[in-house]
Amino acid sequence: MADTFFNRSVEEVLQEQESSSGGLSNAQAADRLKKYGPNALVEGKKKGVLQVFLEQFKDLLVVILIVAAIISMLSGQGESTIVIFAVLILNAILGTVQYFKAEKSLESLKAMSSPTAKVLRGGAKVEVPSKEVVPGDIVFLEAGDLVVADGRVIENFSLKVNESSLTGESEGVEKTEEVIPGEKVALGDQKNMVFSGSLVTYGRATVVVTGTGMHTEIGKIASLMNQTQQRKTPLQQSLDDFSKKLAVIILAICVVVFGLSLYREMPILDSLMFAVALAVAAIPEALSSIVTIVLAMGTQKMAKENAIIKDLKAVESLGSVSVICSDKTGTLTQNKMCVQKIYADGQLLDGKDLQLPNDPQRLLLKIAILASDATSVDGADIGDPTEVALVQLGDLFGVEEVAYRQQHPRLGEIAFDSDRKLMSTLHDIDGTPTLLTKGAIDVMLGRATKIFTSKGVLPLDEAGKQEILRVNNALSEQGLRVLAFGYRPLDAVRPLTLEDETDMTFVGLISMIDPPREESVQAVADAKRAGIRTVMITGDHKVTATAIARKIGIFTDGDMALEGVELDAMSDEELDQKLAKIAVYARVSPENKIRIVDAWQRKGRIVSMTGDGVNDAPALKKADIGVAMGITGTEVSKDAASMILEDDNFATIVKAVLNGRNVYENIKNAIQFLLSGNMAAILCVLFASIVGLPMPFAPVHLLFINLLTDSLPAIAIGMEPARKDLLDRKPRDPKEPILNRSLLGKIFGQGLLIGIATMAAFYIGYGSTQNAALAMTMAFATLTLARLFHGFNCRGEKSIFRLGLGSNKYSLMAFAAGIVLLAAVLLLPFLETLFQVAPLTLANVGMIVLLAILPTVCIQIFKVIRDLVKKG
Ligand code: ATP
C-alpha cells in the first residue's frame, strides 16, 4: 500500500526551505543536511499521525480500490463497499503503525551510531553520548572526533578542525587559545572557538562547552530546516515503478474486460463489477509494505549480530558485495599487542631480557614509555594497544608509567598520525630538551643520520641501515609489528614543527605480536567460497602484513603484495591488469584506498571498504558499503560509513554480507509468492469474462486474500533463515532486475496452476444447477487455501523436504492463522453475509482441500525431480 516510510528527498526539503534559510546557499545547506542526516544533533519537525494516516490513501492503486468501493455501492452490493472501506482503513492504520514503528527502529539504530564525547565528570575522563553534553562541560578533543557542542578552547595542542559544515570551506582551520579582546571576527575565524558539527582533523585540545543542541551555530541553522529522512532504496523504487506500470496495465485490461462484458450484453453495473474484481485481483496491495518490513527486520537482525546498518539501501547492496577491503589491525587481528623481540646496541633479545645497565637499551625503554599516552594500571589498559604493549614492557622492569611521566613532564608533542606514521614528545632529558620519537621503521630510517650505541653516538651509514632493515625483515616475516625509536636533542624548549623530526639518532626496535582473530580464518574461507575476494589494506609494513595475510588465508601463492608508494607509481591500466592478484596493500595512504575502490568499481564490482580514521571518510563514502569501526573508529568515519561494526570484527562484515544476500533472496521469494497468487486470480477473472461465466470472486474476497491471508506467509518468507548453501552462490549481479525472466516465468507458471485448480472448484460448485453463489464460494476458498499452501513453495528454491517444514516456524504460524481467518469467513454468520459466502457441505470442503493442495503437490514434485537431477 502507499507506504510513506520514507520522507521527501533532501533537495525537496531544501527547495521548500530555501526562502527561509537566511541567505544560506542551497549547496551549503544540502551539504549540512546530508552531513547531519544520520547523526542529526538537532531534532527536526516530525510528521503527525493524521498526516501519515492520510498519506496512506495517496497511492494510485488505493484510488482504484476506492472507485471499486463506489461502484460496488452503486451496484447494490453495500456489503462489499463496507468491507472495502473497512479494509482500506485497517490497512491505512497498519501502514501508519508500521511507519512509526519503522521510524522508531531507525531512531534506535541512529542512537546506536550517534556520536559520543569525552568529558570530565567527577574528576575523571568519561565518554558520554553527545546528548548528555551540557554547557560548562570540559570536553577533550582529538583527531577524528566530531565536535558535538560549541566551545571555547582552553588548552591547545596543534588543534586543526574542518568547519566545512558551517563555512563550506574544506580547508582545515588551526585553533589557538588566545583571543584578541574586542576584535570582531567572522565565524570561521574565531580562533579560540570550536563549533558543533566540525571535525577534528589534527592535534588535540581541551574545550569548555558554551552551547549545545539548538543553541549552537549549526543548531540555529538546522532549526530552519526539517530533518531529512532516508530515501527509498533502489529495490523499493523499482517496485514502485513496477506498481505504476501495473496500475496502467490493469486499467487497460479492465477497459477490455468491461467492453467484453458489455458486448455480451451484461448489465452495465455487472460489467463494471467484473472490471473492479480484476483490478482488485491484480493489485499487490501488501507488496510495498512487506518489502519495507522485511528490509527493516533484516537491519534489526544484523544489529543483533553487531553490524549496524545506517541506511536501508545498504541491506540490498550488501547482497551484491564481491570485494571486501579490510584493515588489518584490530579487524583481522585481535589488536592485543604483546612485545616479543627488541633490538638495540646490535643485540636482538627477548623483551623480558632487556638489560637496563646498557645505555641504548635503557633509553629505548625510556622513549617507549615517555612517547606514549597509554596506561596500564591494575590490568585496566587505556589507550592504543601498540602503546599499551610498550607500557606493559615497562611494568616488567618495575617502571610505573604515570609516575615516570610525572618525573619527566611532556613539554610539547607532535601527535601520531597514520600518514606521517610517527609520534614525538619533548622532554628535558638530563638538562637537554630532547625530542623522543617512535614510529614506522621505514620512516624513521629515512630521517635518521646517527645511531646510539654503548660506544656513544655514531654516524648511521648505509651498511648500518641495511643491518637494521635485515633485522626488521626477519621479525616482520614472522608477522611481528616493528616500531622504531629515536631521539633528537633540541636547542631549546619551543613550539614543535614537523621539521624537528629530522636528523634523528636511531636507538632501537621493539617488535610485537598481534595474533589474528580466531574467526578471521573461517570468515575469509567463507567469503572465498561465496565468491567474495578479501583484500588486506593496512598501514603496517609489507612483510608483516603479508605474513599475517598468509596465516589468515588472504594471501596465497601467486598473489601479490603492494606498497602505497608502488601503487602511486602505477598507471590505472597497470593497476587494472594486476588488481585481481593483489591481496595485500601495505603502508597505504587514504588516497590509495580511494584508488583501490575505484579500480574494483571499474571492473563492475560492488566493494566494501573499512576505515577508522578521519582521512578514511572519502574512501568510505566512495565504497558501495563503507564500513566504520564501532570501537576504535573516529566519529568522522562512522558518519561517512553505511555500516558500523560494533565489534570491529572482519567476520561480522562477512556475516552481514551473507545476511544481505539472504534478505534479498527472501524479498524475491516473497514477491514471487504475492505476484503468482495475484496472477492466479487475474487468470480466473479473465477466463470467466472471456468464456462468459459469472464472476468467480467478489472484490472483498480478493482484498481479504491480498491483504490478510497472503500477507502473513509473505512476511514469514521474508523471515526465512539463511542457509549454508548461500555460501555456494556467486554474488548477485547488481544490474540484474529483481523481476527477471526466470521470476516472471515462475509467477506465470505457478499462477496458472493455482488458477486451474480454482476454476475447477468453480465449475464443480457451478454444476448443472448453475449455482453461482456456491461456485463463487468454492473458488474463493480454493484460491485462499491454495495460496496458503503456496507459501511453503516460495520459501526457497529447494523442495520442502530439503528445506524442512519446521525450519521456519513463522511459515507454519502464518499458515495456521490463514486457515483460522478463512474458517471464520466461511463459518461465522456475521462474516458469511459480508463476504457473500454460500454454505458448504463436507464434500465441498473435501474437494476444496484436494484442489487447493494439488498445485503445491505439482510444484513440489517438480522441485524434488529438479533437486535429484541437480544432485545427480
Ligand atoms: P591498519 O591500517 O591495518 O589498522 P596499522 O595500525 O599498522 O594497520 P596505522 O595505525 O596507520 O596502521 O599505523 C601505521 C604505522 O604507524 C604502523 O605500522 C606503525 O609502524 C606506526 N604506528 C602505529 N601506531 C603508532 C603509535 N601509537 N606511535 C607511533 N607509531 C605508530
Side-chain angles (χ1 to χ4, degrees), residues 142-144 204 324-337 367-375 381-391 413-425 435-447 472 475-476 479-486 501 504 509-514 516-517 520 534-549 552 554 561 563-564 584-593 596 609-616 619-620 627-629 631-634 637 645 648-650:
E142 57 185 45
R204 55 192 186 89
I324 302 180
C325 299
S326 173
D327 276 350
K328 173 179 71 70
T329 313
T331 315
L332 286 159
T333 64
Q334 298 179 10
N335 205 10
K336 284 197 190 119
M337 308 277 175
I367 304 174
I369 292 164
L370 292 180
S372 297
D373 290 315
T375 52
D381 304 331
I382 302 169
D384 175 8
T386 305
E387 296 188 353
V388 169
L390 299 177
V391 164
E413 75 173 79
I414 313 178
F416 172 70
D417 122 52
S418 326
D419 281 350
R420 211 172 89 255
K421 300 182 176 56
L422 292 178
M423 168 176 178
S424 298
T425 55
L435 191 67
L436 305 181
T437 304
K438 71 180 194 310
I441 174 165
D442 23 357
V443 183
M444 180 71 84
L445 282 188
R447 294 166 187 231
N472 170 59
L475 296 171
S476 300
L480 298 177
R481 177 188 182 93
V482 185
L483 271 194
F485 296 77
E501 286 174 333
M504 309 287 309
L509 303 176
I510 297 182
S511 71
M512 44 195 96
I513 190 165
D514 177 18
R517 282 177 183 267
S520 292
T534 308
V535 178
M536 180 190 277
I537 304 212
T538 176
D540 213 339
H541 194 275
K542 182 159 126 180
V543 181
T544 308
T546 310
I548 301 273
I552 301 175
I554 292 177
E563 276 196 7
V584 173
Y585 294 87
R587 295 286 192 233
V588 286
S589 66
E591 293 74 36
N592 292 151
K593 284 190 170 184
I596 298 163
M609 167 67 82
T610 62
D612 47 15
V614 182
N615 300 342
D616 287 335
L620 295 184
V627 182
M629 302 298 148
I631 304 171
T632 55
T634 53
S637 62
L645 300 182
D648 290 13
N649 190 344
F650 172 78

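The first residue in the sequence is number 1, and the count goes up from there. As the structure lists them, so they are numbered: ligands from 1, and atoms in each ligand from 1.
Nearest protein heavy-atom neighbour of atom 27 (N) of ligand 1: D384 OD2, 2.9 Å. Shortest contact from atom 19 (C) of ligand 1 to any protein heavy atom: L483 CD2, 3.7 Å. Distance from atom 23 (C) of ligand 1 to its nearest protein heavy atom, with residue and atom name: R481 NH2, 3.1 Å. The protein atom (non-hydrogen) at minimum distance from atom 20 (O) of ligand 1 is A440 CA, 3.2 Å. The protein non-hydrogen atom at the shortest distance from atom 25 (C) of ligand 1 is F416 CE1, 3.6 Å. Remark: minimum distance from atom 2 (O) of ligand 1 to any protein heavy atom is reached at G539 N, 2.9 Å. The closest protein non-hydrogen atom to atom 28 (N) of ligand 1 is K438 NZ, 3.1 Å.
Taking all atoms of both residues into account, the shortest heavy-atom contact from N592 to G564 is OD1-CA, 3.3 Å. Closest heavy-atom contact between L620 and G611: CD2-N, 3.6 Å. A pairwise comparison of heavy atoms in T331 and M629 identifies OG1-CE, 3.6 Å as the closest pair. When all heavy atoms of K328 and D540 are compared, the pair lying nearest together is NZ-OD2, 2.9 Å. The nearest pair of heavy atoms linking E387 to A374 is OE1-N, 3.3 Å.
Ligand-side atoms of ligand 1 in range of K328: 3 (O), range being under 4.0 angstrom from any heavy atom. Those atoms of ligand 1 that come under 4.0 Å of a heavy atom in E387, given as number and element, are 27 (N). Set against the non-hydrogen atoms of S418, the atoms of ligand 1 under 4.0 Å away are 11 (O). If you number the atoms of ligand 1 from 1 as listed, the ones under 4.0 Å from a heavy atom of G439 come out as 29 (C), 30 (N). Near R587, meaning under 4.0 Å from any of its heavy atoms, are these atoms of ligand 1: 15 (C), 17 (C), 18 (O), 20 (O).
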* To do: Please report the C-alpha distance between K336 and D514 in whole Å, then the side-chain angles of each, then the deciding distance to 0.1 Å, and finally whether the salt bridge (charged side-chain N to carboxylate O under 4.0 Å, His left out) criterion is met.
  => CA-CA 6 Å; K336 284 197 190 119; D514 177 18; over 6 Å; no

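Between the side chains of E413 and T425, not a single donor N or O lies within less than 3.5 Å of an accepting N or O. Under the 3.5 Å distance criterion, with hydrogens and angles disregarded, a donor-acceptor pair is assigned to the side chains of D648 and T632.
Residue-level proximity to ligand 1 for T329 is carried by backbone and side chain together, each with a heavy atom below 4.0 angstrom. Counting heavy atoms closer than 4.0 Å to ligand 1, residue I441 contributes nothing at all.
Salt-bridge check for K542 with D442: failed, with every basic side-chain N at 4.0 Å or more from each acidic carboxylate O.
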